[in-house]
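Structure first, commentary second.
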Number of protein chains: 2
Amino acid sequence: MISNKCKYAIKALVYIANNEQDDKAVMTADIAREQKIPRKFLEIILRELRNNRILDSKRGKDGGFRMLRAPENISLTEIMRIIDGPIAMLPCVSLNYYRSCDECEEDSCQIKTVFEQVRDKTLEVLNGKTIKSLTSQF
Amino acid sequence: MISNKCKYAIKALVYIANNEQDDKAVMTADIAREQKIPRKFLEIILRELRNNRILDSKRGKDGGFRMLRAPENISLTEIMRIIDGPIAMLPCVSLNYYRSCDECEEDSCQIKTVFEQVRDKTLEVLNGKTIKSLTSQF
DNA sequence: AATAAATACTATCAAATAGATAGGATTAAT
DNA sequence: ATTAATCCTATCTATTTGATAGTATTTATT
């Protein structure tokens with residue numbers, strides 16, 4: 001399971017990509033209302049995406065958020081790793097958050113291979129999906 | 001990520017499948033030592049597998065655990081669902097633990113489809129793997 | 001300069017989950 | 001009886017999840 005936080009992050013990004021305009025940033029309050037995401041929680045999420053250089057923010061009146069990078073260059077894996085961390089099902093099989101298991105000799109681990117396969121299939125799907133590809137284009 | 005508990009469960013089952021004999025059940029202490037799993041934690045796990053009719057147990061001297069069903073009929077998904085619950089990344093996409101998301105209309109959810117694809121690919125791998133297929137066969 | 005409206009930041013909190021450990025009760029073979 | 005195994009209940013700590021409250025700061029507009 002991904003966390004609610006991560007689900008909110010993805011939905012918020014899709015919303016921003018869909019609604020931003022040259023002259024106007026998208027406000028937290030609008031995203032919260034439209035996507036039914038708790039406002040204060042969303043603030044934290046958007047700031048985190050900003051700190052990771054996914055979003056740009058502007059303070060004060062007429063402030064809000066806009067995409068810092070093109071939505072077609074932001075994959076779901078990138079967002080998921082920022083918000084939730086590893087995507088793999090075992091630490092010893094994670095590409096970006098590798099940790100060895102205390103209890104096992106990796107060379108002789110019986111279960112590692114299976115979860116490498118799961119990881120590869122999962123990444124095949126998620127790497128191919130961008131914020132843009134989730135956007136409603138007419 | 002799957003939990004340590006789930007990882008331990010799978011490793012313990014593979015160990016039991018590998019080491020059980022007609023006349024002798026496999027003891028918690030042996031599994032704990034060989035697989036470096038905390039003994040008391042392992043007790044809880046094995047009992048849970050027993051309650052779910054994966055294992056059979058025998059109390060008292062010469063007691064222990066053995067497979068209740070054939071290892072080739074026990075898929076990884078079954079174990080993972082018993083120990084960790086849902087395998088899918090979103091509740092609204094889970095086959096065995098479906099829950100709707102509070103905040104979204106499922107028909108118009110932009111992210112559901114991606115996670116259905118991840119689910120299908122993941123299950124393709126995990127349904128095909130059984131305890132037997134992880135066992136060392138010579 | 002004052003006001004309004006937005007994000008930024010800090011602190012806090014409650015509930016659930018993860019990951020165990022301790023100790024005694026029960027069962028069964030010898 | 002003794003020994004050795006599972007079974008059961010209770011408990012514990014740390015972390016994560018999911019959030020809320022309140023204040024500070026920034027900016028556009030009047």
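Order of the sequence lines fixes the chain letters, A, B, ..., with proteins taken first and strands second; residue numbering starts at 1 for each chain. In this text the structure is predicted, and so the values were computed from the model without any measurement.
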Q) Residues in side-chain contact (heavy atoms from CB on, under 4.5 Å) with R69(A), at least two apart? A) I54(A), I74(A), E78(A)
Solution key, residues 26-39 of chain A side-chain donor-acceptor pairs under 3.5 Å, sequence neighbours excluded:
from   : atom 1 : to     : atom 2 : distance (Å)
D30(A) : OD1    : R33(A) : NH2    : 2.3
R39(A) : NH1    : E43(A) : OE2    : 3.0

Q.
The criterion is side-chain contact (heavy atoms from CB on, under 4.5 Å); which residues satisfy it with L68(B), sequence neighbours excluded?
A. R53(B), D56(B)
Q: Scan nucleotides 24-30 of chain C nucleotide by nucleotide, 5' to 3', and note B when protein non-hydrogen atoms come under 4.0 Å of the base, S if they reach only the sugar-phosphate, - if neither.
A: BBBBBS-
Without placing hydrogens or testing angles, list every side-chain donor-acceptor pair under 3.5 Å for residues 113-122 of chain A, not counting sequence neighbours.
from    : atom 1 : to      : atom 2 : distance (Å)
R119(A) : NH1    : V93(A)  : O      : 2.8
T122(A) : OG1    : V118(A) : O      : 2.7

Q | Nucleic acid contacts of residues 76-93 of chain B, taken as heavy-atom distances under 4.0 Å to DNA chain D | A | none
**Q.** Euclidean distance, atom CZ of residue R39(B) to atom P of dG23(C) [Å, nearest integer]
**A.** 14 Å
Q | Pairing residues for S133(A) by the side-chain contact (heavy atoms from CB on, under 4.5 Å) criterion, not counting sequence neighbours | A | K129(A), T130(A)
Q) Does S3(B) have any side chain to side chain donor-acceptor pair (under 3.5 Å) partners at least two apart in sequence or in another chain, and if so, which? A) D84(B)
Q: In whole angstrom, give the distance that lies between atom CZ of F41(B) and atom P of dT17(C).
A: 14 Å
Q) Within less than 4.0 Å of OP1 or OP2 of dA6(C), is there a side-chain N or O belonging to S57(A)? A) no
Q.
Does dA18(C) have its OP1 or OP2 closer than 4.0 Å to a side-chain nitrogen or oxygen of N4(B)?
A. no
Q: Identify, residue by residue, the members of residues 19-35 of chain B with a heavy atom below 4.0 Å from DNA chain D, and return them in order of residue number, or none.
A: M27(B), T28(B)
Q. Can you list every ring pair (Phe, Tyr, Trp, His ring centres under 6.0 Å) pair that touches residues 78-114 of chain A, not counting sequence neighbours?
A. none
(Q) Please report the interatomic distance CG(L46(A)) to CG(N51(A)), rounded to the nearest 0.5 Å. (A) 11.0 Å
Q.
List the residues meeting side-chain contact (heavy atoms from CB on, under 4.5 Å) with E72(A), not counting sequence neighbours, and say none if there are none.
A. A70(A), K132(A)
Q: Check whether any side-chain nitrogen or oxygen of R50(B) sits under 4.0 Å from OP1 or OP2 of dC7(D), and answer yes or no.
A: yes
Q. Tell me the ring pair (Phe, Tyr, Trp, His ring centres under 6.0 Å) pairs involving residues 7-62 of chain A, sequence neighbours left out?
A. Y8(A)-F41(A)
